[in-house]
Amino acid sequence: MLLNIMNPFTRQIVDVIKAIPKGRVTSYGRVAALAGNPLGARQVSRILHTMSQKHNLPWHRVINASGKISLPRGKGYELQKALLESEEVFVSSQGHIDLETYLWKP
């Protein structure tokens, strides 16, 4: 498996994302912090973009720090919203998720 050739921070990010349970969400920044680099939110985004399919990552469970879906409408927003709702996460019409209710707290 390709996990063996990833740098340690990337491997940590992948492991954190895989650990997010169904029905919960977390932010790019929280994933980065849990992986050991609180300033690595952009790298989390890059990894989600390039590795989600290959490593079967639950990419839809990662949202922005203000509790909203970051993807634009027509470019993944609808799919992310549908996947979250299939896990019984309520997403408002503006794409907001209540972090008090759904935030993953490992």
Side-chain angles (χ1 to χ4, degrees):
M1 188 170 203
L2 291 177
L3 285 176
N4 295 333
I5 61 172
M6 286 184 209
N7 74 50
F9 182 55
T10 299
R11 187 172 311 120
Q12 282 293 107
I13 289 172
V14 168
D15 290 344
V16 169
I17 294 167
K18 283 186 172 189
I20 305 167
K22 288 182 181 179
R24 297 290 176 200
V25 297
T26 197
S27 70
Y28 299 94
R30 287 177 62 91
V31 169
L34 289 167
N37 182 357
L39 301 177
R42 286 182 191 246
Q43 189 167 354
V44 172
S45 177
R46 181 188 59 80
I47 288 166
L48 283 169
H49 181 72
T50 61
M51 297 182 159
S52 286
Q53 192 171 28
K54 182 179 359 178
H55 295 285
N56 198 30
L57 300 178
W59 61 271
H60 60 285
R61 297 179 189 148
V62 183
I63 59 175
N64 71 28
S66 59
K68 292 184 83 176
I69 293 174
S70 294
L71 296 171
R73 293 180 191 267
K75 296 193 177 188
Y77 170 90
E78 293 81 5
L79 177 57
Q80 186 171 9
K81 183 175 190 278
L83 289 169
L84 288 169
E85 289 175 339
S86 76
E87 295 181 357
E88 299 185 9
V89 173
F90 176 77
V91 182
S92 76
S93 59
Q94 294 81 30
H96 188 266
I97 294 103
D98 180 15
L99 294 178
E100 290 287 321
T101 304
Y102 299 106
L103 182 66
W104 175 50
K105 298 172 186 167

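One-based numbering along the sequence shown.
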* **Stepwise side chain to side chain contact (heavy atoms under 4.5 Å, CB included) test for Trp59 and Leu79** => CA-CA 11 Å; Trp59 61 271; Leu79 177 57; 3.7 Å; yes
Over all heavy atoms of both residues, which pair between [X] and [Y] is shortest? Give the atoms and the distance, please.
X      : Y     : answer
Lys18  : Leu57 : CG-CD2, 3.6 Å
Ile17  : Pro58 : O-CG, 3.2 Å
Ser70  : Tyr28 : OG-CE1, 3.7 Å
Tyr102 : Val89 : CE2-CA, 3.7 Å
Pro106 : Leu34 : CG-CD1, 3.7 Å
Ala32  : Gly40 : CB-C, 3.5 Å

Spatial distance of atom [atom1] ([X]) from atom [atom2] ([Y]) [nearest 0.5 Å]:
X     : Y     : atom1 : atom2 : result
Lys22 : Leu83 : NZ    : CG    : 11.0 Å
Lys68 : Gln94 : NZ    : CD    : 7.0 Å
Asn7  : Gln43 : CG    : CD    : 6.0 Å
Asp15 : His55 : CG    : NE2   : 10.5 Å
Thr26 : Ile63 : OG1   : CD1   : 8.0 Å
Ser92 : Asp98 : OG    : CG    : 10.0 Å

Counting distance only, does the side-chain N/O of [X] pair as donor-acceptor with the main-chain N or O of [Y] below 3.5 Å?
X     : Y     : answer
His60 : Ala82 : no
Arg30 : Pro38 : no
Gln80 : Val62 : yes

* Taking atom NE2 of His96 as the centre, does the number of heavy atoms from other residues, nucleotides or ligands within less than 6.0 Å exceed 12? ->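 Enclosed: over 12 neighbouring heavy atoms sit under 6.0 Å from NE2 of His96.
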* Asked: So Met51 and Thr10, side chain to side chain contact (heavy atoms under 4.5 Å, CB included) or not? Walk me through it.
  -> CA-CA 10 Å; Met51 297 182 159; Thr10 299; 3.9 Å; yes
* Student check: side-chain heavy atoms of Leu48 and Ile13 closer than 4.5 Å ->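 The answer is no; the side chains never approach within 4.5 Å.
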* To do: Determine, stepwise, if the pair Ile97 / Ile69 fulfils side chain to side chain contact (heavy atoms under 4.5 Å, CB included).
  => CA-CA 8 Å; Ile97 294 103; Ile69 293 174; 4.0 Å; yes
* Intermediate values then yes/no, side chain to side chain contact (heavy atoms under 4.5 Å, CB included), Lys81 and Glu78 -> CA-CA 5 Å; Lys81 183 175 190 278; Glu78 293 81 5; 5.7 Å; no
